[in-house]
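Naming: A, B, ... by sequence-line order, numbering from 1 per chain.
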Protein chains: 2
Amino acid sequence: MNDVSRISRRIALCSVMETIVHCAPISRASIAKQTGLSKQTISEIARQLEEEGWIRETGRTSGHVGRTAVTYDIVPDRAVIAAVDLGGTKVRAAIADLSCQVLSDVEEPTDKRGGHHVVAQIARLCRQAAAQEGLDFSKVRLAVIGVPGAPESATGRVLMAPNIPGWDSIDVTAALSQELGVESIVENDVNLAARGEHWIGAGADCDDLVLIALGTGIGGGVMVGGELVRGVSNAAGELGFLPFGSDPFEPQSLHMGALERSLGSEGIAERYKELSGRTADVKAIFDAAADGDKEATKTLDETARLLARAVASVAAITNPAKVILSGSIGVRSELVERVHALLPLCFPRPVSVEASALGSKGALIGAAAVGLASLHAALWTAGMQGATIALPSAAIMRERGVAA
Amino acid sequence: MNDVSRISRRIALCSVMETIVHCAPISRASIAKQTGLSKQTISEIARQLEEEGWIRETGRTSGHVGRTAVTYDIVPDRAVIAAVDLGGTKVRAAIADLSCQVLSDVEEPTDKRGGHHVVAQIARLCRQAAAQEGLDFSKVRLAVIGVPGAPESATGRVLMAPNIPGWDSIDVTAALSQELGVESIVENDVNLAARGEHWIGAGADCDDLVLIALGTGIGGGVMVGGELVRGVSNAAGELGFLPFGSDPFEPQSLHMGALERSLGSEGIAERYKELSGRTADVKAIFDAAADGDKEATKTLDETARLLARAVASVAAITNPAKVILSGSIGVRSELVERVHALLPLCFPRPVSVEASALGSKGALIGAAAVGLASLHAALWTAGMQGATIALPSAAIMRERGVAA
DNA sequence: GATTTGTTCGTCCACGGAACGAATTAAATC
DNA sequence: GATTTAATTCGTTCCGTGGACGAACAAATC
């Protein structure tokens, strides 16, 4: 027997697993109803899954007419993944299990020495996170690492990550895989944040969205049809290089993009200085504006105009249902509200603009989402073209008490 | 037997059809080798396909050791589709058959009365194209119509199509389906052009590309991972609304986008007038520049700078492997070369920029591509998630003598 | 004779449906 | 209130069928 004839079992198995992940605990009869497969097919598959340790009996139904049913549940720690959010100042790691719970979040300041030190730090944090849940690290099958910068898939290097010295010259993916002993996926952190919001955050209700992260710099995560857009060199969503805000043809705009120069935190501070003559960091400018400082208010207005233009740009190109603002600066309601007011003045179509729901956990949750989807795919769909096991919906996750 | 158990046959059938479409004429033994299915499975399926009239014997192999093989081929006119490119000034229609040949291109000036008159005209042209190939119109299964504007899938109206009066208030899709008696798909013409270039044009070697059409106005077709990006309201690629070029917050920018106002043909002519005081249309400006007119040259420089910024914008957001310039103005080498020179000055990553290979036939070929893919899907994949029959590659099509 | 094509035959996987026993609740009767 | 009966649901066994594969073999050609 070759590929094709076993494929129906594969499909059946996937749809059973998906149903259990979504609806556990659930009886075999219910699975049969949901999947449309016959009861004895379900029984066969359930027997196999139980033998292999993926699921187990957890109880029985009661209280309604008819025979009680045995209910099955995922064995959550049969396989887990590690999710990591590497920032310029701190690293966070978490473990996510097969039932899609995100567990044991640990955190540390980023090792300033960069290079292999950070690789080792990540590996240590992952082990620590696993240990904290009482899990043997061998249960970890995959690590997803969100990084600020553009991972280059061919070489494993991470380009444009100024806060992590040395990562543009070592094969980070290989080093991490080696250090952890499992496959690792390195992905841009803003992309992951978008994936996170799409799973259980502000974008859970739409498959076409863009997340704009505004902090020290500006970045974007683009999703089309529920899939992340990575681009040919993992550089999609580099909104900092949108050619307006400052003169895009000035040579410096090749290093720090035209928009980033005027919309990044430095640019905002500079604008305030130009208007008022005073030096202040972004937080101080927000405070000053709240206290009625004219120039600070003007600075925020100007900033929001640029942000609105950035939103208009992505809306013009990918026409998303929603644009999510995130990052320490992007989530400020002063900005979000200004964008609400300004966007209709420069873009004719309605675009829903919202602040991030997951905040600083976005990238970590996104890493979990990517990792779990990838794990499911590796374990069960096994190369079936187009077949995927959807993650449980935001509604289900809320029900299970996973707060954002 | 229900869905699941028949699925392996479905998959086998799809992969046999794909192989025949790609490699016809081909023997059953070769199909078996290519698909990995066993010889007798292929024989069974071939028998069924022949009975249903999809394929037929066309010859026998000879000249090599061993028994001669019977070769099979698609019955090309067993089912065909109609492809239509509706422009503001003319309508073109073509028939494309199952073997993916695009036949019998007919053309007419667009009926200026708009509305149902244009619907009727399209239907007539489609019938005419079929008749020209000696095909009974009942062979046509599907029509794909490229239109300038944004089709609204919910209502079937076509928004923002100023040259076709009335189409923003009638259900065009339904009217066409009714008039033709077959399902019809209405799609933005620039999107289709992108799809066409991706199939057998300048973008045949990459799955992430953006086509920018520069003519009277400016539009974009975005492909990510080999799929068209339509956006939540079919308005992806509305590059005219990129917020630079003119002041995006001027109220008029809500009607004609900021970039379109300065990069559309009117904007170019206006720029020339401002610089030189002379009135000229775009073609005359190109001619004047060729004759050494300083202001005309300056106008083109300015235009190319804006175009380069538009390219930079899409490159920053979706990071395509290639940007294809098309449209009567966009393909001019004077512009393409200037963009080649200017883009590296305002965008740090390499992006391949090329002129369209299909020219004015792009949308028509794209419509054929969309239609054929959809027809294949309807006939054989029949709702199998993720399964697709790929169109024959550009190389195969070239071999068959389909010139761009 | 070597090689390739295409058919026939037997086998095996996998799904579905019917029938049935088991387990439980709801209703009816004593 | 206790007991019997009906209804319902769960899960298994058994059998039929679709469909793929491999082996063997006939046919056709160099």
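Heavy-atom nearest nucleotides on DNA chain C were determined for R28(B) and for G63(A), and the one closer to the 5' end corresponds to R28(B). Mapping Q40(A) and S62(A) onto DNA chain C via the closest heavy atom, the residue that lands nearer the 5' end is Q40(A).
Distances shown here put every side-chain N or O of R6(B) at or beyond 4.0 Å from the OP1 or OP2 atom of dC15(C). For the pair S43(A) and dG11(D), the criterion of a side-chain N or O lying under 4.0 Å from OP1 or OP2 is not met. For S8(A), no side-chain nitrogen or oxygen approaches OP1 or OP2 of dG19(D) to under 4.0 Å.
Side-chain proximity of K39(A) to the nucleotides dG16(C), dT5(C), dG11(D) is greatest for dG11(D). The listed nucleotides are dA26(C), dG11(D), dG16(C); the one nearest the side chain of S27(A) is dG11(D). Distance from the side chain of V65(B) is smallest for dT3(C) among the nucleotides dT3(C), dG11(D), dT5(C). Comparing dC15(C), dG11(D), dT5(C) against the side chain of R9(A) picks out dC15(C) as the nearest.
In this structure, R47(A) places its CZ atom 9 Å from C1' of dT12(D), rounding to the nearest Å. Rounded to whole Å, atom C1' of dA14(C) lies 12 Å from atom CD of Q48(A). Nucleotide dC10(D) holds its C1' atom 11 Å from the OH atom of Y72(A), rounded to whole Å. If you take CD1 of I42(A) and P of dG17(C), they are 13 Å apart, rounded to a whole angstrom. Taking atom CD1 of I7(A) as the reference point, atom P of dC12(C) lies 22 Å away to the nearest angstrom. R10(A) has its CZ atom 16 Å from the P atom of dC13(C), to the nearest Å. Straight-line distance from the CD1 atom of I45(B) to the P atom of dG18(D): 16 Å, rounded to whole Å. Between the P atom of dA14(C) and the CG atom of L37(A) lies a distance of 13 Å, rounded to the nearest Å.
Within the 4.0 angstrom heavy-atom criterion, only backbone atoms of the sugar-phosphate kind lie near R60(B); the bases stay farther away. Within 4.0 Å of T68(A), counting heavy atoms only, lie sugar-phosphate atoms of the nucleic acid but no base atom.
Electrostatic pairing of R195(B) and E187(B) does not count as a salt bridge here, judged by no charged N lying under 4.0 Å from a carboxylate O.
In terms of polar N and O atoms assigned as donor or acceptor, the side chain of R67(B) comes within less than 3.5 Å of the base of dT5(C) in a complementary pairing.
A donor-acceptor contact closer than 3.5 angstrom is absent between the side chains of Q101(A) and S99(A).
In this structure, A79(B) and W54(B) approach most closely via the heavy-atom pair CB-CZ3, 4.1 Å.
In this structure, E227(A) places its CD atom where only 12 or fewer heavy-atom neighbours from other residues, nucleotides or ligands lie under 6.0 Å away.
One distance of note links CD1 of I20(A) with CD1 of I31(A); it measures 4.0 Å at 0.5 Å rounding.
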